[in-house]
Amino acid sequence: MTRIILDVDTGTDDAAAIMFAALHTGLELVALTTVNGNVPLDYTTDNTLRIVDFLGLSAPVYAGMPAPLVRPNPTRRPESFPTPSVWGDTLDLPPAHSSPRPAHAVDFLIEYYMGPAGPETILVGLGPLTNIAAALKKQPHLTRRIPALYVMGGGHAAGNVDSAPGSEFNIWVDPHAAAVVFASGIERIALFPLDATHRACVTPADCDALEQAGTPVGQAAARFLRKRIHAYNMVQPLERPDTAPVHDALTVAAIVEPGLVQTEHLYVDVEVIPGLAFGRTMIDVLRRGNQRPNTQVALGADEAAFISLLRRVLGAAQQA
Ligand code: RIB
Ligand code: CA
């Protein structure tokens, strides 16, 4: 059983990742920390609590950083949108009845990783890296205590931010935090950029199959994934219409099934100078620079294997 902590900015794909982590018997979800990202921190925390309550999990939730380390916060409050967001701001689940723990996520991460279980627990960053960078800055010894850090973010040949077309949302929201993380010296950093996640998409037929599984989790997953397909069709059309990546779930799935992705050990840094490339990950795929590789980068994915695993885990009546 692999222990993991998920650092999340819960929207629909974080929700699928949390479900996957909770239901896969090879994973033990120790805790969740929340960060500003898809929506403001109070929303990401509320969404995380909704999903934790829905799944009946005992893993504690800690709220973290409400804004990026340096740059102004680009995340808008959903109330300020002229029309409801197609991405969905509040998860379509019953209101949460549990509360976040009193400790700040950054302090929880430091206390946990400096304690005895730290070196055995993988940390997974599925949102902007603000909490993780803040913890590394506050306690630099964490670098040697975190055995592996899995990060969903960045892109080499793909981006998803309008004002910085080569940048990916999580890294773009807090590029300074991402730069701290990639330069940290953590022994094993695994990056899951859009180059991999856009090659592992769900279709309406996958949603139908999850729905037909007849379980509450399968039905909720079907709703979330249909919403993602609709959102991509509306605002970010992909090469294959009527599909959607489930970025965060692929990242978690690769912990238990590393063969789902093809990785290369490469040097990664982040552009922090304002402009068209703000927040872009510089992934040295040609190995032209002199810098030592610092990250295992997933540049491709096995879509059929991922989708079959996702359907099996999220559609299972019992734990998979
Ligand atoms: O760019 C995709 C990432 O941004 C995903 O983690 C999504 O949940 C958002 O955080
Ligand atoms: Ca996310």
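We count ligands from 1, going down the list as the structure has it; atoms in each ligand are counted the same way. What you see below is based on every heavy atom in this structure, not just the backbone, and it leaves out hydrogens, waters and symmetry mates.
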Pairs of nitrogen or oxygen atoms, one from ligand 1 and one from the protein, closer than 3.5 Å: please tabulate them with distances.
{"residue": "ligand 1", "atom": "1 (O)", "partner": "N160", "partner atom": "ND2", "Å": "2.9"}
{"residue": "ligand 1", "atom": "1 (O)", "partner": "E168", "partner atom": "OE2", "Å": "2.4"}
{"residue": "ligand 1", "atom": "4 (O)", "partner": "N170", "partner atom": "OD1", "Å": "3.0"}
{"residue": "ligand 1", "atom": "6 (O)", "partner": "L126", "partner atom": "O", "Å": "2.9"}
{"residue": "ligand 1", "atom": "6 (O)", "partner": "N170", "partner atom": "ND2", "Å": "3.0"}
{"residue": "ligand 1", "atom": "6 (O)", "partner": "D248", "partner atom": "OD1", "Å": "2.6"}
{"residue": "ligand 1", "atom": "6 (O)", "partner": "D248", "partner atom": "OD2", "Å": "3.1"}
{"residue": "ligand 1", "atom": "8 (O)", "partner": "D13", "partner atom": "OD1", "Å": "2.5"}
{"residue": "ligand 1", "atom": "8 (O)", "partner": "D13", "partner atom": "OD2", "Å": "3.4"}
{"residue": "ligand 1", "atom": "8 (O)", "partner": "D14", "partner atom": "OD1", "Å": "2.9"}
{"residue": "ligand 1", "atom": "8 (O)", "partner": "N38", "partner atom": "ND2", "Å": "3.1"}
{"residue": "ligand 1", "atom": "8 (O)", "partner": "D248", "partner atom": "OD2", "Å": "3.1"}
{"residue": "ligand 1", "atom": "10 (O)", "partner": "D9", "partner atom": "OD1", "Å": "3.1"}
{"residue": "ligand 1", "atom": "10 (O)", "partner": "D9", "partner atom": "OD2", "Å": "2.7"}
{"residue": "ligand 1", "atom": "10 (O)", "partner": "N170", "partner atom": "OD1", "Å": "2.6"}

**Verdict with supporting geometry, R77 and Y43, side chain to side chain contact (heavy atoms under 4.5 Å, CB included)** = CA-CA 9 Å; R77 296 198 69 76; Y43 281 82; 3.4 Å; yes

**Request:** Quick one: do I122 and I4 satisfy side chain to side chain contact (heavy atoms under 4.5 Å, CB included)? Show the steps, please.
**Result:** CA-CA 5 Å; I122 293 178; I4 60 171; 4.0 Å; yes

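Using a 4.5 Å cut-off between side-chain heavy atoms of Ile, Leu, Val, Met, Phe, Trp and Tyr, with links allowed through other members, I132 and M114 fall into the same hydrophobic cluster.
For CE of M1, the number of neighbouring non-hydrogen atoms (other residues, nucleotides, ligands) closer than 6.0 Å is greater than 12. Residue E79 qualifies as enclosed at atom CD: its count of foreign heavy atoms under 6.0 Å is above 12.
Between R199 and D195 no salt bridge is recorded (no basic side-chain N to carboxylate O distance below 4.0 Å). Salt-bridge check for E120 with R3: passed, with a basic side-chain N closer than 4.0 Å to an acidic carboxylate O.
Closer than 3.0 Å to the Ca ion (ligand 2) sit the protein N, O or S atoms D9 OD1, D14 OD1, D14 OD2, L126 O, D248 OD2.
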Taking only distance into account, with no hydrogens and no angle test, what donor-acceptor pairs under 3.5 Å do side-chain atoms of residues 154-164 form with protein atoms, sequence neighbours excluded?
{"residue": "N160", "atom": "OD1", "partner": "F169", "partner atom": "N", "Å": "2.8"}

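Evaluation of the ring-ring contact (aromatic ring centres under 6.0 Å, His included) rule for F182 yields no partner, not counting sequence neighbours.
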